[in-house]
Amino acid sequence: RDFGVSSKWLGVYSSLLNASFGICQFFVSYGWGYLSDIHGRRIILITGIIGTLAALILFGFSTSFIWAMIARCLTGFFNGNLGVVKAYLADITDSSNRGYAFSIIGVAFGAGIIL
């Protein structure tokens with residue numbers, strides 16, 4: 001309602017905002033993996049975190065639906081690096097602790113949803 005959307009179309013517009021994140025994340029995930037193979041996993045992860053922070057701040061200060069959509073797309077763009085996280089975990093663990101390390105990802109997602 002803050003963007004001037006009528007209550008009749010509020011569900012459609014909020015669904016578009018939510019879907020734009022996932023669509024952008026889907027389209028760039030292979031690109032992030034490719035870039036991490038070239039430039040290194042750590043710099044790509046740091047870039048993703050800083051970009052996600054900037055996009056979330058932009059989303060918080062959005063005054064129109066277009067800017068909110070751009071911010072959500074940017075958040076999805078910078079947050080498409082879950083494959084890079086898994087590759088990094090595979091690089092820094094061995095067969096004795098790899099299962100535990102990958103289970104931490106699921107636990108972190110669950111804790112993030114609860115919080």
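A 6.0 Å sphere centred on CZ of F26 holds no more than 12 heavy atoms belonging to other residues, nucleotides or ligands. Counting non-hydrogen atoms of other residues, nucleotides and ligands closer than 6.0 Å to CZ of R42 gives a total of 12 or fewer.
When all heavy atoms of S36 and I44 are compared, the closest pair comes out as CA-CG1, 3.6 Å. The shortest heavy-atom contact between N81 and G48 is ND2-CA, 3.7 Å. Of all non-hydrogen atoms in C73 and S20, the two that sit nearest each other are SG-CB, 3.7 Å.
Looking at I105 and L89, their side chains come closer than 4.5 Å, going by heavy atoms from C-beta outward. Looking at heavy atoms from C-beta onward, Y34 lies out of side-chain contact with D37 at the 4.5 angstrom threshold.
Connection of I43 to L82 is established within a shared hydrophobic cluster, with ILVMFWY side chains joined at heavy-atom distances below 4.5 Å, either directly or through further cluster members.
Among the candidates L56, I57, I50, the single residue satisfying the side-chain contact (heavy atoms from CB on, under 4.5 Å) test with L53 is I57.
Taking F65 as the reference, F3, Y13, L16, L17, M69 meet the side-chain contact (heavy atoms from CB on, under 4.5 Å) condition, with sequence neighbours excluded. Applying the side-chain contact (heavy atoms from CB on, under 4.5 Å) rule to F77 yields the partners V28, W32; only residues at least two apart in sequence or on another chain are considered. Shown here are the ring-ring contact (aromatic ring centres under 6.0 Å, His included) partners of F21, two or more places apart in sequence or in another chain: there are none.
Side chain of R72 to backbone of F59: no donor-acceptor contact under 3.5 angstrom is found.
For the atom pair CG of L58 and CG of L74, the computed distance is 7.0 Å after rounding to the nearest 0.5 Å. To the nearest 0.5 Å, the span separating CZ on F109 from CD1 on I104 amounts to 13.0 Å. Note that the CG atom of L35 and the CZ atom of R41 stand 11.5 Å from one another [nearest 0.5 Å]. The OH atom of Y88 sits 11.0 Å away from the OG1 atom of T93 when rounded to the nearest 0.5 Å. Atoms SG and CG, on C24 and N79 in that order, are 11.5 Å from each other to the nearest 0.5 Å.
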